[in-house]
Structure formats: C-alpha cells, structure tokens
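What follows is a short report on a single structure.
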Amino acid sequence: MHFSAPYPIYFGVAPLSLFLDPLAAIFVLLLLTVTMASAIFAPSYLRHLTGKINQSYFWINMILFIVGMLMVLLSANAVTFLVFWEIMSLSSAALVASDFSSHKAHKATIIYLGATRIATSLLAIGFLWYYSIFSSWNFVDWKLNSESLPAAILVALGLCIKAGIWPFHIWLPYAHPQAPAPVSALMSGVMIKVAIYAAIRLFVLPGSGSEELAYLFIALGMISALWGIVFALIQTDLKRLLAYSSVENIGLILASVGICLWAQKTGMKEIALISFVAALFHSINHGIFKSLLFLSTGAIDSAMHSREMKNLGGLSKKMPWTSFAFLVGAASACALPPLSGFASKWLIYQGFFTIPCQWHGKAMIGISLVSIGLLAFLGGLALACFTKAFAISFLGRPRSAAINHAKEASPSMLIAQLSLTLITVLMGLLSPQIISFFSLVYQSILVPEEAAISGFAKFVGPSLPLLPLAIVLTLLTCIIYYSVLFRKRKQLKLSMTWECGYGGLEPTMQATAGSFSHSIATIFAPILHYSTRFQISGKDRRHFPEQIQVETEISSLLESSIYSPIINSVRLLSGHFSKLQAGSIHLYLLYVFITLIALLTLGAKS
Amino acid sequence: MTPLEFLSIAAAVFAILMCGTGLLRFNLFLYSLQTFSIALATIAQSQQAKEPELYFVAIAIIVVKALAVPYFLSWISNRIDARSDPGILIPIPITMHAAIVLLGISYPLAKSLPHILWLSDSTVGATVAISLLFTGTLFMLTRRNALSQIIGFLTLENGIYLVAVTCTRGMPFIFEMGSLLDVLVAVMIAGLFVFRIKKSFEHIDVTQLDGLKES
Amino acid sequence: MNFTEILCFIVLFLVLPILISGFIRNLKARLQNRIGSPLLQPLYNLYKLLQKSETISQDASPLFRIVPALNFSIMLILAVLVPWLPFHFSLPGSEIFLVLYLFAAMRFFSIIAALDTGSPFSAFGASREATLSALTEPAIILSLVALGIAYRTSDLNEIFSFSQSHGLMQVSIWLLSGAGLFLASLVELSRMPIDDPTTHLELTMVHEAMVIENSGPNLALIELAYNLRLVVYYGLSAQCFMHALAVLFTIDHATYVLLSILAIFILAFLTAAIESFAVKLAWRNNPEFIAYALTMSLLASLAAIFQSAFASLSLGNLGAFL
C-alpha cells in the first residue's frame, strides 16, 4: 500500500509519503499491541504519581510519541522518516522528563537528548549522502553497494545509538528508570525496535548485503549482548536491570541482522532467511516480553513505591497475578522452552550453527563458533539475572514495611499484563507457524530461490515441537504433583526457615540482589570496576563481630574512562566557544559581515 | 590423518592444556607428555621418510627432554619451594583459550608459507609447529615465575624442532644431537641461575626484574 | 526401534539411575576402606522419603512445591529426548539447543525454588549454581555443536545414530567432545572437585545447599531427578566415547549396548575415584577447572571444522578453499 500526500503537504524537498508492506505491518502490529497494553495500564498506574506527573502533559506526549513511531514505520522516504523520527525522539525525551521535580530526571533527559541529537545528525548526514548518490529520497531506490557504503555506515551508527547498542547504550539505563512504566515499555519494547526496523529496511531489503556492515553489526551486537547482560546482572534497581537486558537483546537482534547481511553477500540464501526471521521474530518477542516486564515493574512500583530490590521481597503472596506475569516474562527472557523467547533464540543459534555446517567463509566460521559459545554463556548469565530479578523481588520474606500496604494491582493493570503474558505464551506455542509466516514475508519481499525456502520449512516444523512439549510437560507435572505431593497436603507442617537453631532470622539476612550476583561480578571485576570492602568492628573482631559493613562499588569502564574524558573536553571546548557570544550587537554584525564575505568568495570560486 | 599428524596435533593439544594451569608440576608433566608425543612423531617420520638415524634422535629426546629436563626442573621447583605461578596480564584460563584461537590461526599461516622445501603433506606439521611457537611465547608472556619462563622456552624450542622434522628434509644427525645438547646445557644453566636468583633475591618473579635497572 | 529395544530402554531407564548413584556411593566407601551401603540404598532412601510427611518453610510460596514436580517431569522428557543409551526414539525435538534449554529451564526453576524460602544458605547455593552453570554452558553447547558440525545437523538422534565414517579425526572429535561433556557434567552435577556432595557444611555446598529446605516426598522428587540427570549426562558422554570406539572397531549391536552400559559404570567409577583422591577446589579456582571443559569442546569444534575442511577439499573445492 502506498500513499503520497498531495503537493502542498511537502517537507521541504520531498512529499509526505507513506507505504505499508508486510515488514512494516509486522512492526506496526507490535507497536499497536504494546500501545494497547500500555494505554490500558497507564491510567491506574499514573494514580500513584499524582502530584509528580502532570496528566495532560503525559498523555499529549504519549500520543505524539506513538504517532511518531507509527509514522516512522510507515514512511516511504528519508525526509518523512527524519521528521517523524524527530517527533518520536523529542516526545520520548519529554516523557523521560515528565517528573520535573527530580534531579535524576534532569540528568537522564540531558543524556537522552544528547544521544538522540547525535543519532539524528548522523542519520541526516547519512541520508544526505545517500541522496547525493542515488538522487532520490525514496527508500526503495537506495541500494547498498561499495559507493553507498560510507553513507550506510553513518546511518547504521545513528540507528545503533537509537537502538542502544554498545558503546552508545549509555542513555538506556538512565532514561528508562526515569520514564513512567508504560513509556519504558514502549521505549524498550518498540522504540529501539524502530531502529532495527530501519536497519532491516535500509540494508537487508536491497538484497545485496555487505560484508563490512555485517562484521560491524556482528561485532557491535555481540559486545552489546555481553556488556548488557553483565551490567543487568549487577543492577539492584529493577528498571535499570531491564534496561540493560534490553541492550543484550537488541545486540542479539543486530548480530542476526549482521549474519543476514553477510549471508546475502556470500549468497547463502538459507542462512540469510534463517537469520532474517530470527531478527524479526526476536524483535517482536522481545518487544512483547520486555513490555510485559516493564509493566509488571510498574505495578510493583505503584504498590510499593520502590523499584529497589532491597525494599522488595515476599510480593508473590500479595500480588500473585503480577508475580505470575513477571515469572512468565522472566522465563521468556531466559529463553526457556516452550515460551516465545526460546523460539527466537533457537533461530539465532541456528543462524550461527548453519554457517560452519555449510562450510563457507573462513573467518566467519571462527566468528560463528565463538558466537555460539558466547550465546550459551549469555544464556547462563541471563538465567542468573532473571532468577535474581524474580526471586529477590517476589519471593522470600518482605524486606520493608511497605509490604503491609501493598495489594494486587488494579484490574486494568492486570488485564494489560496478563494479555501480554498470554501473547508471549501463544507466540511460543505457535512458533512454527509464526516462523513460516515470517519466512513468507521475507520471500514476498526478496524472493530467494524456492529450494532454500522448502529446506527451511522442512527443518523448522519438526525441530520445534513446542506445543506438544508444553502439553506433555503440563500433564506430567500435574500427574506427578497430584500423585506425590498433593495427597500429602494434610500432613504438611509449616515451620520456620532453617537458621542453624539460633533463632531470629531477620529478613535482612536473606540474600540481596548484590550478594546473589557477587560471585559472577567478581569474574567480570575488570570491566565493572567491581570492588567489595568489608569492615568488621567489635571487640574481638573476627569471632564476635558487632557490626559488619559491606560496601560494593561498581563503575562502568566506558563511562569512567571514555565518556567522561570526552564530555569534559567538549565542555572545555564549548567554554572557549561561548566567548564568541559576547552579547555585543556590533560583534554579531561583524560575524554576519565576515560570513557574508566568506560565502561570497566561496561562491565566486565555484 | 597419518600417525605423524595425529601425534603432532597431540603435542599441540598438550601444549595448550599446559597453558591452563598455574601449577608448575602439572605444567612440567604436560610438557613432558608434549615432548613425548613429539618424539613419537619423530619415530613416525623416520618410518615414513626411511631415515633410521631419526630413531636415535627420538630416543635421545625422550631421555633428555621428556624425562631428564622435567625431572630436573621439578627438583629445582621443590628445592626453592616454587609450586605455582599466579600468572600476569590475562587470567590463566583465558590464556588456554587464546592458545586454541592461535592454533586455529596457525593453519592459514602454515598454508601461506612457501612450499618449496616441503615434503608433500606437511601442512599439519607446520600448523602444529607454528602453534607451538605461539603457545610457548604466550606462555612466557603470561607467567611471572622464572621456571615458567624456562618451560615456555622449551615449548618454543619443541616448535622449532618440529618445523625441522616435518617441513624440511631433516637436518644432519649431528646437528640434531648438537641442538639437543644445547637445550640440555641451557636448561642446566637456567636452572642454576634460578637457584642463584632465588638465593639472592628470595623470589623468582621476573616481573620484578626491572628493579635491577637502577643498580 | 523394535519392542525388545523399548523394553530394554524402560528397564535401564528405571534401574540405572538408582544403580549408578548407589554404585558411586558404595565404591567411594570401599576406596576408603569402609564396607559401604548396599547398591540399592538410594532406592531405600527414596522409599523412606516418600513415606515421610513434609515440613516446609512458612515463607515459601506455592512455587516451592510445584517446582520439584515440574523439574522431575522436565527430566523425564529429557531422558526420552536425549540419546544417552544406544536406543533412539525418533521423536521430534531431540535437538541440541532445545535439549540444552530444557536443562536450563530445570536450573531456572530450581534456583527460584531455592530462593523462595528466604534461607541464606540456599541463596548461597543458588548463587553458586547460577555462576557455575553460566560458566559450563558454553562447554556443553560447544561439545555438542562440534558433533553437530561434523555431521551437519543439530538433531541429536541423527548425530548419535551409527555412521559409516572412519578416520582418526572422527575419533578425536568424539573423544574430545566426550571429555568436554564429562568434565562439564562433573560441574553441572556439582560433584568433586567443584562441589563435595557429602559435605555437611552448608556454606561450602552447592546442590545440597539449594535443597536444604526441602523434605519428604518433595526431596524425593529432587533426588530422583538428580539421579536421572546424572545418568543422562554420563550416558551422553559414554555414548561419545563409544562412538569413538565404534569408528575404530566394528562392534555388533548387542555388544555395543553392553559396552555402553559398562562405559557409564566406568565413568561412575572415575567419579568415585576422583571423589576419593582429589580435594575440593577453592571457589576462586573453579573457573580454571571449567576452562578445561571448554578447552576440550573448543578443540573438538576445531577438529570438526578441520574435518569439514578436508571433506570439502576432497570434494574438489580446493580452489574455493584456498
């Protein structure tokens, strides 16, 4: 479907033109699903923020944000894209800033705005470059060849900033905790996917692929994945944890896009298809389960007025449905079968695995092997991360008195969460159908050879029997539970948790988020700058401590040794530049004069 | 895969496994296994190339490099009470995985070497030889202990020997024996040095050698 | 698969888990000059636990009692999917990544159940389990992927079916993968030298600390799942070694089956020997041990890649490869 606005509606050089192909439609569907859930969720969520957030301000920006994303997905040319991209970026920045009063929100907004400014300028330069090569603003005319590669790399970097790819992910963990939960859900679930969508449209759809971009994407993607999950693991704020986990997932998606580009370039049609479907499917899945997790966190926030795991605990008794939704989301984020996260992770694995099997591309074989090992490692870390997130906040004993006032989230909040939960489960169970649908999308856009498609269809169906697996698993569990455990429920004795017989096991003695991740954090101590200090005080300090103080310190290698020097030097430079702005009207007139002369001489030369 | 190739790959694998531990005794044991498989590879080569004098070389290698030298070094490590090496630069497990990556890289490197001097199927031998060179250097780079430096050097030497055996038509017998003797003497001298250094400085940490510059 | 084979599978499936863990216990006792418990002691223990009533923490959520049942049923499914015995149900879903993520699912739920009671001890165990499994996962996946690359499929049944290939390369792939799997399984099953299953100090345990709050039938299910997991892991590594043997010698099927069972017992013997003679590693030295598992699997995948390189060379792709 194609729509071009009539003449007067022009963005300077190109008309407002929109079109809808299956690829855009899939992303629009994701956007609408998450929007629906967020919209149902938001009204009762905002109630606990009364006085902090202005409702009308929130809704106006929310609508602008959603419309911006929708139009970016639909835009057919670069100018339309850029205009709505800006609307999307600015309105989301406004949403991040919606709690004006807090200092943190200011900092987050500044960082986020900085990131979006750089992203947009890179995109603008790249688009102009593209235009100078192909003399068209339409995405359809833009090819990927050696001539347009520099422009493509610029655009790719711009998109990477928006997607939160390492080393540009810095804004994510600042912006997400500040934004209200429905906004975080949209930002993490959909907005960063919009960047992936643009990458697919600009680089994958031309069909020619590119090895340079592929290597860039795979390297950045795998590093982001590792970096993101390691940082997610050590967070104690639930929303920051989820934000870092988004960095991980978006990294995996980008790596898949990279594989797809490489396979297109080298003519491995089957691998291109697998990794394209993997990227698409994982985008959708991550969009759904991450929004679900953000909404559940919002529900916790509105019940407990805290997202710090040190204040949570024992919530599953007060909020059973929310904890169920969070559990399913966490399991899906860990890619546990038969949920949707597994289906797409499986495809990503298959994309890497097929490369050495088909024996093609020497360097790529090494890369894919290392990537498979890394993916497994990431899987293990994600498991640690999400078991921590779920268990520390929902299980165990309550760590703060706020639990007494906590109650289950309101029906509308529950409907939003449970509908997303249902979608996650269904997408997992129906994954063979969804995968073959996505491969049809690829086929309809790019038409690879029939052979590759039929081979793909043959191997997907039987390898992913998630529906029968789920049925058998549920049946077996029920049978075993009822036959072994349920019949003994009468004899069940409740007692206190084992405390070596000393008595008085305080809730604060439970594992905390920090202590749970300590043993992994020590492994990554060099990149986390992780250090722990113990201070034991008391008379005979070793045997009879009176007070033990443990302090852990974490600072990101990137922020401390790369970004702050850069920001400092920029600040220094801008200090010098600000001298130019002296406030004297005569000086300004002099600038105008000098500029005029400079322009005239330049014009005369050419 | 011929027995020669299998044995030389086994040597590379033992060298890689050697990188994964900081315990000197275990290092020496794996070094001795590595040398042993190189000696067996020599025997395989002597059958293949019909050079009977290589038998003597192999026996000499087993006696000198696979038994005497490790025994001597472990005796020294016992005497000066140096049992393990904490490592430097990168963690010890990562050294081992880096060595595997280097083994992977040595294959294309070996392929790109000129083929003029070579016997027909020496690619695997050359790969292993290059990988032994890499592994030995990596081992020396990532360890602090002076004894580990000797072990790394010996691994490197094994690599050079393997190049000679698999890639050239074989050096004259007398050269082989001579170089073997050199190694023996070098190890003896190095061992004595370690002994003296330990006595004078009370440690054998090579990272602290830069303290000598001033005096 | 014919009727006798199914019967054999069911018998072994029922008998081996009990027998192997009893065998390890007995052998360890004998190596320490004790007479030891009878071979069927695990069975008696299970019976005893099933008869007992259950005591659970008052802070536990319903998950605490559902998880053992769930994990046991996942393990039952895995025991059918994974070709740990030389019989193959040609079921769909016996696939490297699915199987490994089912194992991961078990781990996910057991960690959650361990943290459920708020006990600091089980939290220790859970944290360590999470760390160890993150470190071991690459080793396990790469040793299976190496086999997958060698046979160009990710279907475990196809990989472990009898193949007509020969050559030392094939042998080394199987051996290295088997070694990688075995070393990784020592970590996965929290055996020595990573974790001492017989220790009684809560602070140093991994698996035992995680289930410290479970009792009665609840604990019985966990123990049963553990024994089954042990046999499946050992059986899988034994199959790797057996395939290496089958490449070298021609073995008829009946002997092969007997030898595979023998191989599982040999691995159990090895475990008992390690547990009697080795000391438990300090926690910070564990990564060094796990690194060896990863090394084995990396070498296996390197061998698999070289093998496919040579295969494609002989197919006349020489020019393309160079």
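Remember, it's a predicted structure, so these values are computed and weren't measured experimentally. Throughout, a chain's letter reflects where its sequence line sits, starting with A, and its residues are numbered from 1.
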*May I have the step-by-step check of side chain to side chain donor-acceptor pair (under 3.5 Å) for E95(C) and Y101(C), ending in yes or no?*
CA-CA 10 Å; E95(C) 204 270 330; Y101(C) 271 83; over 6 Å; no
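- Ranked by heavy-atom pairs shorter than 4.5 Å toward chain B, the options L298(C), L299(C), L302(C), T295(C) are led by T295(C).
- I140(C) is not listed as a side-chain neighbour of F103(C), based on a closest heavy-atom distance of 4.5 Å or more.
- Every residue two or more places apart in sequence or in another chain was checked for a side chain to side chain contact (heavy atoms under 4.5 Å, CB included) with L141(B), and none qualifies.
- Only the side chain of I16(B) comes within contact range of chain C, judged by heavy atoms closer than 4.5 Å.
- T35(B) contributes a side-chain N or O that, together with a main-chain N or O of Y31(B), makes up a donor-acceptor pair within less than 3.5 Å.
- For the set L17(B), I94(B), I92(B), L103(B), the entry with the most heavy-atom pairs within less than 4.5 Å of chain C is L17(B).
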